[in-house]
Visitor: 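Would you mind keeping the following structure in view while I ask a few things?
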Amino acid sequence: MRQPEVKRVDDPAMGIRSSRRVLLARGGVLGALATIPLIGRLLQLGDASASPSKAQDSKILQLVLLLEYTQVAFYEEALRQAGLTGDLHDFAQAALEHEKQHLAAIRKALGTTAGAKPSFDFGQNVKSARAFSEAAIQLEDTAVASYNGQATNLTKGTLAVAAEIVSVEARHAAWVRAIAGQVAAPDPVDVPMTAKQAVQGLHEIGLRT
Amino acid sequence: MDSFQDFADFLTTVDRDGALAETRSHAERTLSRRRFFGLTLAGAGTIAITGSTGARAAGGLPASDVDILNYALVLEYLQASFYTEAERSSALTGKTAEAARIVGATERAHVKAFLKLLGSEAVKRPTFDFQGTTEQQRPFLKTAVALEDLAVAAYKGQAPKLQANPVLAAAVGIHSVEARHTAWMRQLFGITPAVDAFDLPASRRSINRVVASTHFIVSRPKMTGRNKPEFTG
């Protein structure tokens, strides 16, 4: 898929990028994740999918559901365990509130077909403020990339709803980056992720099931 | 200041310009002209974004996409010029100066990308007067927040209307970058970067009304016709 040529702003002060490259290097995880029914179905989402349809929207919403479950669980555990104070605490609390509303909306959209809450092991990511902020940046960048990656696969009606969520994820990403003293918007165009990359990214943060 | 309405209140509310509306009517006339000449507008597969020279870009793009891209281009011109002028005024310091430099470079990159995509169909850069908001840090930040929130709502309103997948993919990737910008500027200004769980779209009409209320656009953009695209940055 071609996009207009936009060069990345060339600036040495630009903090870390999303850890996409790192994620891509860890191929083995996918094989294991694919044995889990919900995730196995998600991995069947192609990069260049069939024309948008209600059925395809539902598959994509399952991916989004997994993402929102992960975010809610991540912020809940971090608020309990990471010893967050000041700006980081305010951020985590606001983000949790938003992600809960996203999760509720996606669950409602999926109705009885919504997948159950998966299990997580966030490990050190929720044990200190410093680790939390790094993981939060990675998770929010992954959320933005995951939604953006599905935009052309969604029907227009569902795209309109997804667009109301993705920019809030982008605000979260920039917010926590700014708190951490990193460049809040490192790329002129946010780089999308495929469904596979998204699932892999969530596993990197702590999705287990 | 958490909404466009506040921004409109902050500035004056007289619509004396209508520059964006003018842009749209230019685009509509162009579309009529295209239909008149019976041009076939092929699908996304034929978009030639890179490579050959000349008036290639808009060929192959659905007419409605060209219209939306020109609308987005005016918003990008507005933002790019705003940051460029702020940088030149040397009024900004510290983290705000750093952020403005990076965001400005990004908005200029967006302008370049749209000019390349639209080729000879691109509207020209209007003339701007930022009413002194680029000359002091607090007014700069306040205005930056409003312009970025506006851009997010504008892209969100138009994205589902885009037909060509490569254009849609680019637009959503820019949309989320504008959302990062507004959060960044809000953080620097000292207000909540993300207020609500859902960001709402805005129609062209409401975007146009707010932009007009700023009086930032002092000359109306024109179609370049057969001229080569005007590169900026």
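The sequence lines fix the lettering, A, B, ..., with proteins before strands; numbering per chain opens at 1. Quick caveat: nothing in here was measured; it's all calculated off a predicted structure.
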Visitor: Answer yes or no: is there a side-chain heavy-atom contact under 4.5 Å between A/E164 and B/D196?
Guide: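 Counting from C-beta outward, A/E164 and B/D196 never come under 4.5 Å.
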
Visitor: The test is side chain to side chain contact (heavy atoms under 4.5 Å, CB included); show your working for A/W175 and B/T192 and say whether it passes.
Guide: CA-CA 9 Å; A/W175 189 354; B/T192 306; 3.9 Å; yes

Visitor: Identify the heavy atoms of A/A163 and B/K156 that sit nearest to each other, and give their distance.
Guide: O-NZ, 2.8 Å

Visitor: May I ask you to test the B/V177-A/P188 pair for a side-chain heavy-atom distance under 4.5 Å?
Guide: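 No, their side chains stay 4.5 Å or more apart.
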
Visitor: Of all of A/A173, A/A178, A/A170, which one pairs up most often with chain B through heavy atoms under 4.5 Å apart?
Guide: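 It is A/A170.
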
Visitor: How would you list, in number order, the residues of residues 90-105 of chain A that have a heavy atom less than 4.5 Å from chain B?
Guide: A/H98, A/Q101, A/H102, A/A105

Visitor: Just so I know, are the side chains of B/W184 and A/V183 near enough to count as touching, which here means a heavy-atom distance under 4.5 Å?
Guide: yes

Visitor: For B/T182, is it the side chain, the backbone, both, or neither that has a heavy atom closer than 4.5 Å to a heavy atom of chain A?
Guide: side chain

Visitor: Flag the pair B/V172 / A/Y147 as yes when at least one side-chain heavy-atom distance between them is below 4.5 Å, and no otherwise.
Guide: no

Visitor: Atom CD in B/Q187, atom CG in A/D87: separation rounded to 0.5 Å?
Guide: 6.0 Å

Visitor: Sequence neighbours left out, what passes ring-ring contact (aromatic ring centres under 6.0 Å, His included) with B/Y155? Give chain and number order.
Guide: none

Visitor: Checking A/L154 against chain B: side chain, backbone, both or neither under 4.5 Å from a heavy atom?
Guide: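 Neither; nothing under 4.5 Å.
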
Visitor: Taking side-chain hydrogen bond (donor to acceptor under 3.5 Å, both in side chains) as the test, write out the residues that go with A/K127, two or more places apart.
Guide: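 For A/K127, the residues satisfying side-chain hydrogen bond (donor to acceptor under 3.5 Å, both in side chains) (neighbours in sequence not counted) are A/Q81.
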
Visitor: Taking C-beta and beyond as the side chain, do A/R171 and B/D199 meet within less than 4.5 Å on heavy atoms?
Guide: yes

Visitor: Do A/P186 and B/R180 come within less than 4.5 Å of each other through their side chains, counting heavy atoms only?
Guide: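 Heavy-atom side-chain distance check passes, below 4.5 Å.
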
Visitor: Rounded to the nearest 0.5 Å, how far apart are OG1 of A/T152 and CG of B/L162?
Guide: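 The OG1 atom of A/T152 sits 11.5 Å away from the CG atom of B/L162.
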
Visitor: Kindly state each residue pair satisfying salt bridge (charged side-chain N to carboxylate O under 4.0 Å, His left out) with at least one member in residues 72-81 of chain B, sequence neighbours excluded.
Guide: none

Visitor: State the CG-CG distance between B/L168 and A/L159, to the nearest 0.5 angstrom.
Guide: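 Here the interatomic distance stands at 5.5 Å.
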
Visitor: Please determine, among B/A159, B/A171, B/G173, B/A183, the option with the most heavy-atom pairs under 4.5 Å with chain A.
Guide: B/G173

Visitor: Considering residues, nucleotides and ligands other than B/K95, do more than 12 of their heavy atoms fall under 6.0 Å from its NZ?
Guide: no

